[in-house]
There are 2 protein chains.
Amino acid sequence: MTKIQTAKGRASGKITLAEVAARAGVASMTASRAISQPERVSASLRQRVEQAVAELGYVPNRAARALASAQSNVIAVLVPSLSNAVFTEVLAGIQDVLDADNYQLLIGNTRYSDAEEEKLLGIYLQSNPDGILLSGMTHSPRVEQMLQASQIPVVSMMDLAETGQAFAVGFSQFQAGYTMTRYLLDKGHRRIGFMGAQLDERTLKRAEGYRKAMRESGLEDKRLEVMVSDPSTIALGAELLGRMLSVAPDCDAIFCCNDDLAHGAIYQCQRRGITVPDQIAICGFNDLPASAWMKPSVTTISTPRYRVGFEAASLLRALIRKETVPQTQIDLGFTLMARESA
Amino acid sequence: MTKIQTAKGRASGKITLAEVAARAGVASMTASRAISQPERVSASLRQRVEQAVAELGYVPNRAARALASAQSNVIAVLVPSLSNAVFTEVLAGIQDVLDADNYQLLIGNTRYSDAEEEKLLGIYLQSNPDGILLSGMTHSPRVEQMLQASQIPVVSMMDLAETGQAFAVGFSQFQAGYTMTRYLLDKGHRRIGFMGAQLDERTLKRAEGYRKAMRESGLEDKRLEVMVSDPSTIALGAELLGRMLSVAPDCDAIFCCNDDLAHGAIYQCQRRGITVPDQIAICGFNDLPASAWMKPSVTTISTPRYRVGFEAASLLRALIRKETVPQTQIDLGFTLMARESA
DNA sequence: CTGAAAGCGCTTACAG
DNA sequence: CTGAAAGCGCTTACAG
């Protein structure tokens with residue numbers, strides 16, 4: 001490995017494009033082209049550059065490229081949780097689209113916190129991302145303002161916008177909540193409880209759908225709503241089942257805003273000797289893997305997480321490339337999985 | 001918002017430090033200092049700069065900073081999966097250490113693939129990260145060589161090194177596999193099966209621990225090992241239970257390399273009317289949340305995922321700051337959770 | 001198809 | 001405590 005240009009002063013000590021070019025006997029910018037746009041360079045020259053790259057172990061400096069080209073090749077993704085399987089599947093969909101394109105994904109976990117979202121977005125904006133993928137439709141004014149000022153393409157995931165302005169890929173959380181409740185009503189249940197955790201916007205929209213269905217049947221009763229802001233877990237579901245039964249002992253069905261909660265509620269019923277669905281029907285949301293396998297298997301709403309990520313990333317890429325996109329909203333729908341528990 | 005310096009030519013059109021400096025009536029580098037090292041600047045000047053930043057909505061350009069300072073403030077993390085709760089908890093631990101420091105986390109999902117790991121590492125190296133967090137102790141020669149050439153501090157997570165050379169934070173996967181098997185043997189089980197999926201290095205080490213314990217008791221039998229390279233899921237556990245029983249019908253206990261598998265195996269037993277643990281004992285690994293709640297509750301090994309991330313990130317940060325660290329290996333141990341299923 | 005020059009937006013020595 | 005100059009490692013127009 002020959003050091004063609006001695007690193008001095010503030011040099012990083014790493015191999016630079018100039019050194020590659022020198023070894024290949026071409027100008028820097030020709031070496032640059034041979035690497036970035038190999039088709040625009042003669043074959044022999046390309047080969048000489050490639051060889052120099054290999055011999056020197058050249059690693060392009062992304063910061064320098066970003067600075068010179070005013071293009072970062074970075075895409076920022078903000079999700080509210082990584083422990084929730086829903087969002088890891090969304091990420092898988094995103095990766096499958098973007099990994100191919102030498103994009104660098106900045107994955108941020110906001111932990112359902114506006115403050116954390118503002119902070120992460122602020123940091124990510126310093127990288128001048130080509131595009132941004134956000135979870136949910138509502139954000140703090142500060143976030144809205146930063147996005148506005150940045151002029152960077154944004155696609156929202158997991159829900160749909162009420163006004164058709166913003167780009168969004170998902171399904172109607174409201175509609176899904178409504179659908180599940182109607183299913184329960186159609187099965188003859190009257191005292192249907194709603195169990196909500198986290199109280200993020202998606203949970204709240206599902207709750208609204210639930211309320212609409214209950215109201216339509218003249219069955220709305222605030223006492224049937226058990227809502228807490230703690231994160232959704234199996235343990236919480238077990239606890240809330242107890243709370244629901246003490247507040248509304250005559251409750252004959254429970255719509256859990258999340259499968260975790262439903263699993264916990266069902267386990268708790270098993271411990272208390274309450275049979276599901278005979279004494280009480282229990283259903284969840286999202287169709288996590290265990291729902292199909294548990295005894296009783298869990299009635300739930302299957303949501304297209306992977307496809308949300310996949311389509312959102314595809315849409316964002318089109319936006320970045322300034323292609324014309326057919327629509328701002330992509331509704332991927334949802335599926336009610338009627339199983340044993342309700 | 002006054003445009004002090006007209007963006008022309010190749011300018012990005014964004015507010016620059018020079019514009020902030022001009023508005024504050026100071027030199028660029030003074031503005032730079034006021035932002036990065038506020039304590040080294042007079043109060044009045046700092047205030048003027050802060051005001052200019054706020055008024056102009058200045059966002060520092062991270063690429064320029066990285067290029068000028070030869071320091072990226074980036075830390076790359078490579079995990080084999082994001083759908084596995086184990087690694088999302090590791091990430092939570094990492095975030096809790098690093099988020100405070102304005103570090104930018106590059107989270108890469110290698111999907112248990114060497115090729116993917118090489119690719120991601122290659123991309124991340126272009127960002128010249130200050131440090132790298134890796135999962136596991138064994139990597140492809142190409143990865144080893146890239147790491148070697150980069151001279152960047154690396155900390156490995158989830159296991160311990162056999163030679164004390166590399167920096168590692170985790171616990172002995174081998175020892176954990178041995179411990180679980182001994183527990184089963186001590187309970188009187190003789191025909192203990194091992195169910196392995198994914199076949200990543202951690203699974204293989206647990207299997208080795210299992211084999212050692214079986215061998216010590218003169219009970220080793222290759223037919224008791226059901227190993228497949230598919231990802232570990234509940235569905236796979238259900239399927240492998242059937243396979244195990246057809247290969248070794250007299251099997252009286254099964255050590256699943258993962259809780260997912262154990263859950264699936266237990267559900268399958270329920271469907272077939274096999275009682276756990278009376279007819280067959282089943283245990284898992286990792287202590288996922290459902291294990292404590294299922295009926296029967298699942299005997300498993302609780303692993304310190306969050307702390308692995310936390311301590312690994314702390315160690316890496318110390319390495320980056322060139323602090324002296326007391327040891328290269330941090331053994332966080334594991335805990336056997338004896339519950340109902342075995 | 002190839003190249004000499006300028007510049008991206010910051011920070012690092014070095015002075016004073 | 002503050003600043004004028006140089007430079008980090010690339011790519012972008014612009015020529016030829």
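Reminder, nothing fancy here: chain letters follow the sequence lines and each chain counts from 1.
- In this structure, A/S42 reaches the C/dT2 phosphate: one of its side-chain N or O atoms is under 4.0 Å from OP1 or OP2.
- Note: CD (A/Q37) to P (C/dT2) measures 13 Å, nearest angstrom.
- To the nearest 0.5 angstrom, B/Q126 atom CD is 9.0 Å from A/N61 atom CG.
- Looking only at distances, no side-chain donor or acceptor of A/S36 sits under 3.5 Å from a matching main-chain atom of A/R33.
- For the pair A/L17 CG and C/dA4 P, the interatomic distance rounds to 14 Å; values are reported in whole Å.
- A sub-4.0 Å separation between OP1 or OP2 of C/dT11 and a side-chain N or O of B/S36 is present.
- Between the side chain of A/Q329 and the backbone N or O of A/A166 there is at least one donor-acceptor pair closer than 3.5 Å.
- B/S127 and A/Q104 are linked by a side-chain donor-acceptor pair at a separation below 3.5 angstrom, with hydrogens and angles left out of the test.
- Residue A/S69 places its side chain closer to D/dT11 than to any other of D/dT11, C/dG3, D/dT2.
- Applying the 4.0 Å criterion to OP1 and OP2 of D/dT11, one finds that A/S32 has a side-chain N or O inside that range.
- Applying the salt bridge (Lys or Arg N to Asp or Glu O under 4.0 Å) test between B/R317 and each of B/D101, B/D96, B/D99 identifies B/D101 as the sole match.
- In this structure, B/E39 places its CD atom 13 Å from P of D/dT2, rounding to the nearest Å.
- Counting only heavy atoms from C-beta on, B/A68 has its side chain closest to D/dG7 among D/dT12, D/dG7, C/dA4.
- A 6.0 Å sphere centred on CZ of B/R321 holds more than 12 heavy atoms belonging to other residues, nucleotides or ligands.
- Protein atom CD of B/Q71 is 14 Å distant from nucleotide atom C1' of D/dC8, rounded to whole Å.
- If A/A64 and B/T30 are placed on DNA chain D by their nearest nucleotide, the residue sitting closer to the 5' end is B/T30.
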Next item on the list: Taking Watson-Crick and G-U wobble pairs with both distances under 3.5 Å, convert DNA chain D into its dot-bracket string, 5' to 3', dots for unpaired and | for cross-strand pairs.
Entry: |||.||||||||.|||
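- Summarising the geometry, the separation between CG on B/N73 and P on C/dT11 is reported as 11 Å, rounded to the nearest angstrom.
- Comparing atom distances between the B/M29 side chain and each of C/dG3, C/dA13, C/dG9 picks out C/dA13 as nearest.
- Nearest to the side chain of B/T16, among D/dA4, C/dC10, D/dG9, sits C/dC10.
- Atom C1' of nucleotide C/dG9 and atom CZ of B/R65 are separated by 11 Å, given to the nearest angstrom.
- Regarding A/R33, its CZ atom lies at a distance of 11 Å from the P atom of D/dT11, rounded to whole Å.
- Taking CZ of B/R142 as the reference point, atom NZ of B/K119 lies at 14.0 Å (rounded to 0.5 Å).
- To the nearest angstrom, C1' of C/dC8 lies 18 Å from CZ of B/R62.
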